[in-house]
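Note sheet for the following structure.
Throughout, a chain's letter reflects where its sequence line sits, starting with A, and its residues are numbered from 1.
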Number of protein chains: 4
Amino acid sequence: MRFQLLCAGLFQIGIMFATPGVLTAQSAGDTAGRVVEVEISAPSLAGNLLGTPDIQGAAIYLPPSYGSQPERRYPVVYLLHGIFDDYVVWLEHFEVPAILDRLIEAGDIPELVVVMPNAGNKYGGGFYRNSAVSGHWGDYIATDLVAFVDTNYRTKASADSRAVVGHSMGGYGALHLAMTRPGLFSVVWALSPCCLAATDDFGFGNDAWKRAAEVASEEDLQSLFESRDFYPIASLGIVTAFSPDPDNPPTYGDFPFDIVRGEVVLEDAAYDRFLDALPVRRVDDSREALRSLRGLAIGVGLGDQFLHIPPGTLAFSQRLGAERIPHRLDVYEGDHREHVGERLERIVLPWVGARLVHAE
Amino acid sequence: MRFQLLCAGLFQIGIMFATPGVLTAQSAGDTAGRVVEVEISAPSLAGNLLGTPDIQGAAIYLPPSYGSQPERRYPVVYLLHGIFDDYVVWLEHFEVPAILDRLIEAGDIPELVVVMPNAGNKYGGGFYRNSAVSGHWGDYIATDLVAFVDTNYRTKASADSRAVVGHSMGGYGALHLAMTRPGLFSVVWALSPCCLAATDDFGFGNDAWKRAAEVASEEDLQSLFESRDFYPIASLGIVTAFSPDPDNPPTYGDFPFDIVRGEVVLEDAAYDRFLDALPVRRVDDSREALRSLRGLAIGVGLGDQFLHIPPGTLAFSQRLGAERIPHRLDVYEGDHREHVGERLERIVLPWVGARLVHAE
Amino acid sequence: MRFQLLCAGLFQIGIMFATPGVLTAQSAGDTAGRVVEVEISAPSLAGNLLGTPDIQGAAIYLPPSYGSQPERRYPVVYLLHGIFDDYVVWLEHFEVPAILDRLIEAGDIPELVVVMPNAGNKYGGGFYRNSAVSGHWGDYIATDLVAFVDTNYRTKASADSRAVVGHSMGGYGALHLAMTRPGLFSVVWALSPCCLAATDDFGFGNDAWKRAAEVASEEDLQSLFESRDFYPIASLGIVTAFSPDPDNPPTYGDFPFDIVRGEVVLEDAAYDRFLDALPVRRVDDSREALRSLRGLAIGVGLGDQFLHIPPGTLAFSQRLGAERIPHRLDVYEGDHREHVGERLERIVLPWVGARLVHAE
Amino acid sequence: MRFQLLCAGLFQIGIMFATPGVLTAQSAGDTAGRVVEVEISAPSLAGNLLGTPDIQGAAIYLPPSYGSQPERRYPVVYLLHGIFDDYVVWLEHFEVPAILDRLIEAGDIPELVVVMPNAGNKYGGGFYRNSAVSGHWGDYIATDLVAFVDTNYRTKASADSRAVVGHSMGGYGALHLAMTRPGLFSVVWALSPCCLAATDDFGFGNDAWKRAAEVASEEDLQSLFESRDFYPIASLGIVTAFSPDPDNPPTYGDFPFDIVRGEVVLEDAAYDRFLDALPVRRVDDSREALRSLRGLAIGVGLGDQFLHIPPGTLAFSQRLGAERIPHRLDVYEGDHREHVGERLERIVLPWVGARLVHAE
């Protein structure tokens, strides 16, 4: 997730995609699936304070037999993208449709519908959480989007046939949804999940938080956007998702610290709330939801540029183990992005596919 | 590893198997491998104080094409058994030859030679370590056995084509050998590895250690054997492997604690040495050896009867992660033995096979 | 806490002490306090299933000026004893009255009332918890005893002037009461507190749990008592306090594991409940109660015979720190009992005294 | 340690103090000690690449009886200051001479010599370590300074009578010297010690490291100094002390990471070395040195602005406990500096004084 790339995503937000239901040119013959790009009504986002539209785009991969077998229903995998991104990253950067075509043709996965929602906003994204400021993104996925998909496409509309896979902020989202919405998904894989533990660049010891907290006016905010300085902008995404404050313009974030003479000083009660929202501290409460999954996996590259991601992933695995929750942990060489496409093809999607109920 | 089953193993020790080189009846046609049972000279065990023979049996699986392709060389997997067991557990309980035949026929693994050594003694086993009391079991595997196999069978005789897989005490052995003998194996999978951390039933808080430490005479020792009380007998295996004392008959173990008025009191210097020998505390020293592996995996069932094995395995994964060592961790439902055969077939052997160099 | 000593305590239970209100011979002159031994009505224990009397003895130290200053009110320290003990351990073994006299005379502590309740039962003790089997020992201390003391003696009857100090099971009790009853005590010191984390001899990996779980009849129970085997008897105290089962005679304990073919197999839901009751896992919930204390300290000798006590105490300190709860940790050389009296005099009581509100 | 205050210290460096041996005006009568300010030859710093003088100032407190009892020898406490500071902080900010006078007069500590060396450089300080770039500060304290003090003043010149107390960078220094130089000091107290673990603002996830790593020329360096931006300048102090590179002007630091497209990417081998230098990872190697101390204590305020200091201190205590090293941990409310003077007077110096051998 280079900053340049991220910012490309940042300034694309608002651009809506092709007519819903219209097929793209990617499909051809019986061995290739098709990608449709749709716009979905997102009532869960209505009234958010960041100006995020309540119509959201998504791309949907329909497998090769979808057109020719009009009675058949398919299991569904939701792919959740990272901060400052949108679904185009799956289509163009990771080339997911081609991966799916190859896996299906080789028989390495069953035929699947794959749903790739957008989930960005002007601060990078809403972290797939409900927030009075950034909107109820958790509800958007769990209610608006799943209902849209199950209504408009021939899916196997039960948790046993529904998986979620996410990368980075989307890895966080996949775990957060699995932990807080039992019965929605049954198979979960988080790739390089961000924000599981408040450490390293995600902790308040990162000097960059001060730059976000110093935003006091609309002018400050604009100039921060123009700087394209990743960490402070992303920080605003984080606080508006984790500790939103609708009465605190222009950022609407409630920082769990004060700045005293230029230093970050943790503010006890707010910091408690912030810590308590972190996935590493919610595993005990989510024990039953996580134990009931058909499959749970997390993976991380040791060279991740987002330095909190390796230790956060390891700490999360440790907590899962301490709560006696079955899971797979993959720790590999590689950075935040470079092996994601290859691992999706070689490991993640075959593993997910093998665990979803897909028999006719 | 039920005690009844363990003790069956215990009292089989000393029974040597069929003539070396003679083929068993298990092979038939081109789709089945053959198992040969051999006796191997074990100079590394000479002079041990437990009366363990310096000729040791092993079973060797030769793949289907071994007979018909007389020039072909094969990668090798070593399977290390658990305490109070011997190689028969692989042949009869886990039915490894049939598993290998099926996997090879399905193309899920390359054709492999699989070597199943014996490594038991009257206290259950030598933990694949070098010991002045129980014998140099580490050298036996690394030197005597590997040389025997590479000399007498058509193997790819380099680390890139040599894997080690172990269960329980054998899982410990697989990791111990990988950590202390770089360049011997390149792929390692430890199933339910024992003895990684001194906690729960493996810690000195287990009341059973006292019963072992109270053995003061040959009569005490005999009566302990007759009791078939698992933990105290296994404790003698542990101390003779980890902290042997050749000058301390009849047990030859140096316990890292004293018994003071019926209570275990840790003895500082000896306990330091004991702790320092544990794999969880040796990961930093073994960093380079472990990073150079082609594949490293550990797995554990959450319902393991040996209560230290789940937390020990999780702690070991955490230490691997902290040292930035790539690995796979599998945490699943199940106990110490029940899913071992199934996991070997479905997950472990395909994963190992895919990582070994086997191209002609 | 040698077993012999413990058992002396065990078989003293039931012996009630001198007439309430009668002064012992220990007081003399103005520089010595007096000890009264009283019997207290314990409605909180009524109906317990272990036959523990609902009248309980206690010893109360009244400071030197208590008789001569009839208007003066004093802060109060409660001393909670360990398993298989009673208040006599404070009077005779640790010689607390003489310690208090010396400290008061030297001006190292303010004049204090010190209350030493009994809290034993036939399994060793009720762990100062509420239990449908062993009785509501938490209520007994917090309600029956404190009311009795504040009614019958001239105390400063508010939390700011009320401390609790405990040893071993009493150290557990001091922390448990501080965590679950905010506003009762304001200063807490736990010496060598037991049972904070399920590890080592307190974990189910201790082979001794099986001997407790195998008790199936009254005869088994009697023969266990006669064996004076510490761990199994104490285990019954633990399960009847932590996971009582009134419908399960003769032990009335609900073990969080099954015995399957001679092995302990953790039983998931019950084990979850057991873990969740442990102080190391309740720190987050008790954050506000613990932060509001005027003083919180825990101490442990590194050579404690109860092997779980050092790691449990360290883990508890770590959890306190992670929740940003001020505290003092003292880690010293020494075993479970040997330095307790000396530390009470030199460190614990001066530190407690300095933190209690005692000004007239 | 506000940056403004720090920078005052920064630009004072190089200003040498009054003639060695000359008494200041602070002493008066028999109840007050005297402070002498001296210049000490520092051959251990010769040839450092940062232009730090090899003559260093120090302030030395001589107790009230020093002048009137010409045969008497005194125990010695060394006080080590923090980054961007010098000994003036002890004299003026914390008012140590007045504290000592009061404690001695009250009989709360024995009469002591207290030595307050300077240990700053243009990057803030050398962390009391030996470094080919910043100079051998460890040797300076252990050899040059101690020899100067024991030669020129009437001290009890053995470890039993020599303590070290440090704050922040000086707390790190106190622990580092205790761990690496057994037999030098016997009593150690680290107040708010920095740099024990690579986490939060001390971890490479702190965005500020990039600003330090981007310094490529003398002009960059000057402009960084002029910015008075604390973290990047301090970072240069850290790398020149922990991973110096004499061949890498202008900073002479070897950063354990690379900057790839604006992101910090840990560089494996150098990062390994950096981690291995951290006190939390050296406790096992220093076990004997630390166990042999007469007293070891660490303390931290939960509101420390340097966010790594509370978790680092807690992690260090945990490691001490795991290695069975006696120590005291004090976790209190308060920030990096505000309670240091008060704690020195009320807790630290009395505790240190009580543990030093001082009998005539």
> Given the options A:Asn206, A:Val265, A:Leu266, which has more heavy-atom pairs under 4.5 Å with chain D than any of the others?
Replying inline: A:Asn206
> Side chain, backbone, both or neither: which part of A:Val264 has a non-hydrogen atom closer than 4.5 Å to chain D?
Replying inline: both
> If you count heavy-atom pairs under 4.5 Å with chain A, which of D:Asp200, D:Asp207, D:Leu302 comes out on top?
Replying inline: D:Asp207
> Which heavy atom in D:Arg129 sits nearest to a heavy atom in D:Tyr172, and how many Å separate them?
Replying inline: NH1-OH, 2.6 Å
>> Check D:Lys210 with D:Glu214, please: is the shortest side-chain N to carboxylate O separation under 4.0 Å?
In response: no
> When you check the gap from the basic side-chain N to the acidic O, do D:Asp85 and D:Arg337 get nearer than 4.0 Å?
Replying inline: yes
> Centres of the D:Phe274 and D:Phe257 rings: under 6.0 Å?
Replying inline: no
